[in-house]
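Proteins get letters first, then strands, A, B, ... in listed order; numbering begins at 1 in each. Note that these values count all heavy atoms, side chains included, but never hydrogens, waters or copies made by symmetry.
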Amino acid sequence: MEIPKAYDSSQAEEHHYARWEASGFFAPEINQDPNAEAFSIVIPPPNVTGTLHMGHALQHTLMDVLTRWKRMLGYKTLFLVGVDHAGISTQLMVTRQLKKDEHKTPRDIGREVFTVKVWEWKNKYGGEITRQIRREGLSVDWTRERFTMEENLSRSVREVFVRLYEEGWIYRGTRIVNWCPKDKTVLSDLEVKEEKAKDGKLYYLRYPVKDGEKGREGDGETRSGEERNPQSAIRDPQSTITVATTRPETMLGDTAVAVHPEDERYKDLIGKTIALPLTGREIPIIADEYVESAFGTGAVKITPAHDTNDWEIGERHGLEKLIVMNDDATMNAAAGAAFAGLDRFAAREKVVEAFDKLGLLEKVEDYDVTLPHCERCKTIIEPLLSEQWFVKMNEMRDLALKLMREENSPRFFPEIPHKKVYTTWLENLRDWTISRQLWWGHQIPAWYDADRNIYVARTKEEAFEQAGTDKLTQDEDVLDTWFSSALWPFSTLGWTGEEVPSPKSQVPGSGDHNGVSKTGTRDSGTRDLDIFYPTDVLVTGRDIIFLWVSRMVMTGLKFMGERPFDDVIIHGTVLDKNGQRMSKTKNNGIDPLVVFEKYGVDATRMALAGSATGVDFAWRDERVESFRNFANKIWNATRFCLMNSEGASVQNSPPYEGGVAAASADGVVLPATASLADRWIVSRLNKTAKAVNRALETYQFHEAVQLLYHFFWDDFCDWYIELVKDEITSFDAGNEGLGDAEKNSPPVLGGVAAASADGVVRSAIRNPQSEARSRILTILEQALRLLHPFMPFLTEELWQKLPGVSNALHNSAYASSEQTIMLTTFPTGDDSLIDEQAESEMASVIELITKVRNIRAEMNIKSGDRLAIHIAGEMGMRIVFASNEAQIKKLARADNIVLTDSLDVPKASARAVLTGNAEIAVPLEGLIDFEKERARLQGQIEKLDVELQRLNAQLSNANFVEKAPKGKVDELRDRKGEIENQAATLRQNLEALN
RNA sequence: GCCGACUUAGCUCAGUGGUAGAGCACUCGCUUCACACGCGAUAGGUCACAAGUUCGAAUCUUGUAGUCGGCACCA
């Protein structure tokens, strides 16, 4: 078989995905086991306007690893994909295009036409992100793909809205809200980002007090007190009161000035009025505890319609709420003719100028101020009094808090700090503004009659019925995009009752749905909701814990009576190589698609999964490169096995002739005559499999990646392949005594034969070479399965090339499916195949070979020169070395191994000691540099001495010996003895050289 | 202002109450018939600093410094 020397990732990525998808492998219906447990994950729906970034790639990889892993374990898996309609972003995008193409605004064409345009846009460009998800190799079920604006989901939105309204949990109210003057919509608190202003100023404005003189008369004490007060300047003796503000333009809407009731400076002014400059209005001076005397001038201008705190004060004092701005943050008529139409910042300048002219501008100070910005368009938010729809959060919040308190759910990974942050946030939760002044989104199902009475209903007809008239107009606003996202785990699974999935999801040969609920009871014909809700785990970034995670928990508890997911994995943030957050403005983003192109999808997935769960990390191409190299290593190891696969095939639980008949779950069964290398690699494989499963159970993806990397590269490639290389490559050894006909006979343990339907083992002629070849193929095949969830493309590409693979290797739940590695059984590891003795013996062999190689390297022995190795040691070790003589000779490049009780070698030898009281010598007559050898031995002795000193110190500490666990003390004593022996031997060797 | 995380080899990062680990980079040697995206052998760290708990601390506690993040307030 001709196989290229290097792995070409793009070639493998080209065709497998299409086949997987077309064959229905991603759909849960592929699972034919009526008793299979369900496993489900919903994707955090990316914005329809979005393109793939590294954050997606990371979270998608983790979800796909889990899904593929569980699928291979036989779970009935659903990885549900879908896209969010992204109200503001999408509306902006289409508005921009409309302007460019037709020079029109949405208002020009009207709501209906505009909405049609958005749908057209969505159908044309909205597929970008889903194409990219395919590119990533995600095993999502496309037959169940969802979109938040589709009818099923919209119905859920209306249902939830109506029910919450009926319970009084949704209300319409007038509040100060976050207004984005550019997007012209209200935003929730979570969509507002606080940012430091570059050149913040604090303006001190003097307001003339009416009847000032009168108030002052007979109040000389206060005045003299002020003279000692350094802040006396703030209270003008000519009867003005100074207020400080960062937004002077809002003074046009002032309806009071507030001071602290206990503030001696102003006590006498409370109840008086101010002639508000530039407006001709008179406003009262009021007292309110809210005012902090120590801050600013201790007097606060009150603008109830443009500031949250002022609004509250206004409520308390029954102040007028004067709105002085339009929805685009220009001043309105109420601001006065001189200012109407001016932008808020132009108005600010003009107000300041006017005050200056009137001699009422006391001073302007530089001032550090953080201002709220629109998360999306970065425009400075204007707090504005407005009538909006809100969700009352008290009860919802309590549901979520109770779940956390009583059941520690959802479980966050990592738990610190997310559990606490989540809980604290809930405790301080305020009502959620859910209406948005947009056209793209779920229009609020509320209708008004001529008298502005509200009728909330699931349909227009229902509303008409309620109102007893059809003269109703629907609320213009749509709902916050996160409102529909909050329902995602159940709305996507058919909560409102329509049958899901759609017909095209029927997999050939899958028959009925095999609907099995999470509790395992068969309930054919039930909806996905019954089978897959609650979902198992949510994977997302920490930026949407509040926006999304918490709200799903609340709506899930409220409407399903059950949590939406058990676990929440919060992944880290991918930073650029300088540790900075990636952002469009910095233009320091790394495009996953470029990385895919350069290093392959699988290598990228490994690099992402290989980062510790929840921890931010700086992106390094070098890291992906190392996994690209790893992919190539796997490719070439497989290439090697295939080049030597004649007469062999992958085994699945084959009974070896004359060997152990018991089949392990993972299919690797050793013959009684198995070599050390075989027993060792099988042990390593099973240990690795166990550890990988354990790591994935606790979402330690990086741990699994490390385990697989080192198992495959170090154990399998560096040692096992090298150890068995001669055995499987030499064309004579294994086939000795066989005639030509027999050499060409079908594989003795070939997949076809071994997997024959009747299960009868063929009594064929044993062929040790074919067996060895089958063995390595079988180990390799198991390793590929372990790697598959992380590296789906490479493993499928290689697996399909292995001789003897078929759907007989599949998990029984997928027995009749077309052959693919993604439906094989995931190895879970078998304790009975973990062989500590083999591992310890192999460690000795490895140590021996490494020490000899070290001698070769340090003594500059040419690679072609063959050596003799003299080994003295206990019988047990000698037997191990003797039975692996051929391998040792090959890997240590020796032509002779002498095993003795004690060494008897020429002085001109290089020496080393092994663990377990063995020593070795390599005669180097004419090659040895005595000076070098002395230095080498000396170096080794010094290393041992350092450790010995530490051990002595510890063991001579009576407290340690007394209080430490006995096992620990014994361990150190053993270690000390070992080291003492080794050091003594090395010292003797060193002396012998002198 | 409140809360939190991080600080380990040149770089990027794992790890953890009981002999400090990986990848990359570095040094030396290899055209060894799967792979130079490779093979072999080395070198490299008082685990930010200080105090405490402990027989034992890089790991637990407290404090300090630096870096980063979340929340709140901001007249």
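Residue A:F630 is the one, among A:F630 and A:N309, whose nearest nucleotide of RNA chain B lies closer to the 5' end (criterion: closest heavy atom). When the nearest nucleotides of RNA chain B are assigned to A:A857 and A:V243 by heavy-atom distance, the more 5′-ward of the two goes with A:A857.
As judged by a 4.0 angstrom heavy-atom cut-off over every strand, A:E962 is placed among residues making no nucleic acid contact. Residue-level contact check: A:T424 touches neither bases nor backbone, having no heavy atom under 4.0 Å from any strand. A:E194 comes within 4.0 angstrom of a nucleotide base, judged by non-hydrogen atoms across all strands. Contact annotation for A:E625: no contact, since no heavy-atom pair falls under 4.0 Å across all strands. Residue contacts shown for A:E722 include a base, since a base heavy atom lies under 4.0 Å away. Among the protein residues, A:D718 comes within range of the sugar-phosphate backbone only, with heavy atoms under 4.0 Å from sugar or phosphate atoms but none that close to a base. The residue A:C717 sits close to a base: some heavy atom pair falls under 4.0 Å. Nucleic acid contact for A:K5: sugar-phosphate only, since backbone atoms but no base atoms lie under 4.0 Å from a heavy atom of the residue. Note on A:T638: nothing from the nucleic acid sits closer than 4.0 angstrom, heavy atoms only. Within the 4.0 angstrom heavy-atom criterion, no nucleotide atom of any strand lies near A:K196. The residue A:K420 sits close only to the backbone: its heavy atoms come under 4.0 Å of sugar-phosphate atoms, none of a base. Backbone-only contact: A:Y367 has heavy atoms under 4.0 Å from sugar-phosphate atoms and none from a base. Using a 4.0 Å heavy-atom criterion, one finds that A:K193 contacts the sugar-phosphate atoms exclusively. Across all strands shown, A:L202 has heavy atoms under 4.0 Å from sugar-phosphate atoms exclusively, and none from any base.
None of A:V852, A:V845, A:I846 except one satisfies the side chain to side chain contact (heavy atoms under 4.5 Å, CB included) rule with A:L848; the exception is A:V852. With respect to A:E249, the salt bridge (Lys or Arg N to Asp or Glu O under 4.0 Å) criterion is satisfied by exactly one of A:R348, A:R344, A:K301: A:R348.
Rounded to an integer number of Å, the gap from CD of A:E858 to P of B:rU27 is 17 Å. Taking atom CZ of A:F413 as the reference point, atom P of B:rA5 lies 18 Å away to the nearest angstrom. Between the CZ atom of A:R975 and the C1' atom of B:rU19 there is a distance of 7 Å, given to the nearest Å. Summarising the geometry, the separation between CG on A:L575 and P on B:rC13 is reported as 8 Å, rounded to the nearest angstrom. Rounded to an integer number of Å, the gap from CG of A:N860 to C1' of B:rG40 is 13 Å. Separating the CZ atom of A:F412 from the C1' atom of B:rG4 is a distance of 15 Å, rounded to the nearest angstrom. To the nearest angstrom, P of B:rC24 lies 12 Å from NZ of A:K633. Put simply, CG on A:L190 is 12 Å from C1' on B:rG70, counting in whole angstrom units.
Between A:K943 and B:rA43, a side-chain N or O to OP1/OP2 separation shorter than 4.0 Å is present. At the phosphate of B:rC74, OP1 or OP2 sits under 4.0 Å from a side-chain N or O atom of A:Y290. For the OP1/OP2 pair of B:rG38 and a distance below 4.0 Å, the side-chain nitrogens and oxygens of A:N629 include at least one atom meeting the criterion.
Only the C1' atoms considered, B:rA9 is 12 Å distant from B:rG23, to the nearest whole Å.
A:V568 and A:V549 make their closest contact through CG2-CG1, 4.2 Å (heavy atoms, listed as atom of the first residue, atom of the second, distance). The two atoms that bring A:I313 and A:I302 nearest to each other are CD1-CD1, 3.7 Å, heavy atoms only. Annotation for A:A631 and A:Y7: closest pair CB-CD2, 3.9 Å, computed over non-hydrogen atoms.
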Show the distances under 3.5 angstrom between N or O atoms of the protein and N or O atoms of nucleotides 10-12 of chain B.
from   : atom 1 : to     : atom 2 : distance (Å)
B:rC11 : O2'    : A:R620 : NH1    : 3.2

Within the sub-3.5 Å range, which N or O atoms of nucleotides 30-32 of chain B have a protein N or O partner, and how far apart are they?
none

Worked verdict on A:N309 versus A:W311 for side chain to side chain donor-acceptor pair (under 3.5 Å): CA-CA 5 Å; A:N309 293 311; A:W311 183 78; over 6 Å; no
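Of the listed nucleotides (B:rG23, B:rC55, B:rG38), B:rG38 has the atom at the smallest distance from the side chain of A:W713.
Counting distance only, with no hydrogens placed and no angle test, the side-chain atoms of A:K725 and the base atoms of B:rA34 include a donor-acceptor pair under 3.5 Å. For a distance-only test at 3.5 Å, the side chain of A:S626 fails to qualify as a donor-acceptor partner of the base of B:rC24.
Looking at residues 600-616 of chain A, you'll see A:A612, A:V615 sit with a heavy atom under 4.0 Å from some atom of RNA chain B.
Ring pair A:F627/A:F630 is perpendicular by interplanar angle, where above 60° counts as perpendicular and below 30° as parallel. The aromatic rings of A:F716 and A:Y720 lie parallel to each other, with less than 30° between the two planes, well short of the 60° mark. In this pair, A:H418 and A:F412 present their aromatic rings tilted. The plane angle is within the 30 to 60° band.
If you check the side chains of A:E191 and A:S188, you find a donor sitting under 3.5 Å from an acceptor.
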